[in-house]
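Numbered from 1 within each chain, the chains take letters A, B, ... in sequence-line order.
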There are 2 protein chains.
Amino acid sequence: MSNNQFKRGELYSVINGMATTAVARRLQKNFRNAGLEITIEQWSVLYHLWKEDGLSQLELGNRTFRDKASTTRLIDNLEKQELVTRIASKDDRRINLVYLTDTAKPLQQITYELANKTMNEALQNISKEEIEVVKNVLQRVYDNLTSKDLI
Amino acid sequence: MSNNQFKRGELYSVINGMATTAVARRLQKNFRNAGLEITIEQWSVLYHLWKEDGLSQLELGNRTFRDKASTTRLIDNLEKQELVTRIASKDDRRINLVYLTDTAKPLQQITYELANKTMNEALQNISKEEIEVVKNVLQRVYDNLTSKDLI
DNA sequence: GACATATAGTTAGTTATGCAACTAATATAA
DNA sequence: TTATATTAGTTGCATAACTAACTATATGTC
């Protein structure tokens with residue numbers, strides 16, 4: 001059917017995502033060592049709000065590749081830590097717009113530096129060209145698996 | 001320090017692992033559609049036992065990149081479903097050797113086919129050379145982040 | 001305007017993850 | 001041989017994931 005037949009031993013490492021997991025763990029560790037209490041999942045939400053504040057929960061879910069139930073709970077926890085607040089949209093009261101608090105704002109710079117540091121640790125001795133290939137391939141993998149759902 | 005400085009917008013997609021997540025979701029969906037009740041995490045353990053039965057929990061944790069607590073619970077659930085059994089090692093009674101049951105054995109062929117199908121879906125129009133680059137880079141990322149822990 | 005449908009978000013239930021503290025068994029050192 | 005340290009596994013606690021069922025608001029059609 002396709003020419004991508006895998007030898008048994010190759011399958012697992014591709015699916016497993018061990019590199020992604022290792023990056024996530026290292027970033028979490030770097031956060032912890034810097035005294036930051038947030039999880040990388042929480043950070044992924046803040047990351048998008050720093051780029052554009054006041055997104056709806058659904059839009060945040062889309063941008064962070066989460067379903068709405070997961071997004072709800074993540075924002076519950078962020079709200080508990082007083083990093084974001086939910087404000088119902090005036091136009092459509094079904095919609096919660098999520099806004100950063102003043103507590104969250106100073107975290108932007110330091111978490112960005114720690115993320116950058118983490119990526120430098122992860123990508124030692126890997127060339128820009130290789131990184132480009134990886135990013136390109138992973139994007140196409142994602143597209144292969146999500147565009148079909150629309151048919 | 002390093003030459004791998006990322007533009008802000010590039011950071012997230014690399015760390016996020018959206019492609020890995022998409023592959024995992026698709027594989028889970030393909031399992032479900034085939035009437036299989038197992039999670040991909042459970043499958044990842046079975047996968048290694050099919051290659052070599054009777055591994056210790058610690059060894060299974062190493063091969064599936066999990067800590068021992070996660071491994072314990074995963075095997076709890078596999079045991080509940082009667083897919084594996086724990087047998088204490090005669091040489092060292094601290095060690096649990098994990099063995100496949102007769103219930104688990106017929107799953108090997110079908111899950112392998114479903115995993116293969118999933119990879120074919122994921123890797124449409126991606127060349128063998130590109131896949132090689134990705135595998136190689138992800139392995140080096142993993143090594144970059146784990147070898148340091150040994151110092 | 002009333003009824004059916006769609007949308008945004010929440011909740012319940014199950015599985016999985018990581019860390020830290022713990023138990024039991026084994027190995028090492030005095 | 002007794003005390004100490006190490007190792008394999010378990011348990012408690014917190015966060016997070018997905019599915020499915022639910023509530024509340026909005027939209028569309030007759």
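At a non-hydrogen distance threshold of 4.0 Å, N77(B), D92(B), R93(B), R94(B) from residues 77-99 of chain B come into contact with DNA chain C. Interface residues of residues 68-76 of chain B facing DNA chain C, ordered by number: A69(B), S70(B), R73(B), L74(B); criterion, heavy-atom separation under 4.0 Å.
What separates CG of N62(B) from P of dG9(D) is a distance of 10 Å, to the nearest Å. Following rounding to the nearest Å, D67(B) (CG) and dT7(D) (P) show an atom-to-atom distance of 17 Å. Taking atom CD1 on I40(B) and atom C1' on dT17(C), their separation rounds to 13 Å, with Å as the unit. If you take CD of E37(A) and C1' of dA14(D), they are 12 Å apart, rounded to a whole angstrom. Between R25(B) atom CZ and dC18(D) atom C1' there is a gap of 8 Å when expressed in whole angstrom units. In this entry the distance linking CG of N33(A) with P of dC19(C) reads 11 Å, nearest Å. In this structure, CD of E59(B) is placed 15 Å from P of dT7(D), rounded to the nearest angstrom. If you measure from atom CD of E41(A) to atom P of dG18(C), you get 11 Å, rounded to the nearest angstrom.
Of the possible donor and acceptor atoms, one in the side chain of T101(A) sits under 3.5 Å from a partner among the backbone N and O of E82(A).
Contact of the Q139(B) side chain with the K135(B) side chain is not registered, since no non-hydrogen atoms from C-beta on lie closer than 4.5 Å. Contact of the V98(A) side chain with the L55(A) side chain is not registered, since no non-hydrogen atoms from C-beta on lie closer than 4.5 Å. Residues T71(B) and L58(B) have side chains not in contact (no heavy-atom distance under 4.5 Å, counting atoms from C-beta outward).
The side chain of T39(A) places an N or O atom within less than 4.0 Å of a non-bridging phosphate oxygen (OP1 or OP2) of dA16(D). For the pair R66(A) and dA17(D), the criterion of a side-chain N or O lying under 4.0 Å from OP1 or OP2 is met.
Taking all atoms of both residues into account, the shortest heavy-atom contact from A115(B) to W43(B) is CB-CZ2, 3.9 Å.
Connection of I126(A) to I131(B) is established within a shared hydrophobic cluster, with ILVMFWY side chains joined at heavy-atom distances below 4.5 Å, either directly or through further cluster members.
Along DNA chain D, the nucleotide nearest Q57(B) and the nucleotide nearest R32(B) are compared for position; the residue whose nucleotide lies closer to the 5' end is Q57(B).
Residues that satisfy the salt bridge (charged side-chain N to carboxylate O under 4.0 Å, His left out) test with R140(A), not counting sequence neighbours, are E130(B). With sequence neighbours left out, E79(A) forms a salt bridge (charged side-chain N to carboxylate O under 4.0 Å, His left out) with R86(A). Annotation: salt bridge (charged side-chain N to carboxylate O under 4.0 Å, His left out) contacts of D53(A) (sequence neighbours excluded): none.
Between Y47(A) and Y112(A), the gap from one ring centroid to the other reaches at least 6.0 Å.
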Mind running salt bridge (Lys or Arg N to Asp or Glu O under 4.0 Å) on R63(A) and E59(A) for me, showing each step along the way? CA-CA 6 Å; R63(A) 298 196 189 186; E59(A) 183 56 31; 2.6 Å; yes

Could you list, one pair per line, each protein nitrogen or oxygen that sits under 3.5 Å from a nitrogen or oxygen of nucleotides 1-4 of chain C, together with the distance?
none

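Residue-environment remark: CG (N33(B)) exceeds the threshold of 12 foreign heavy atoms within 6.0 Å.
No contact: Q28(A) has no heavy atom under 4.0 Å from any strand.
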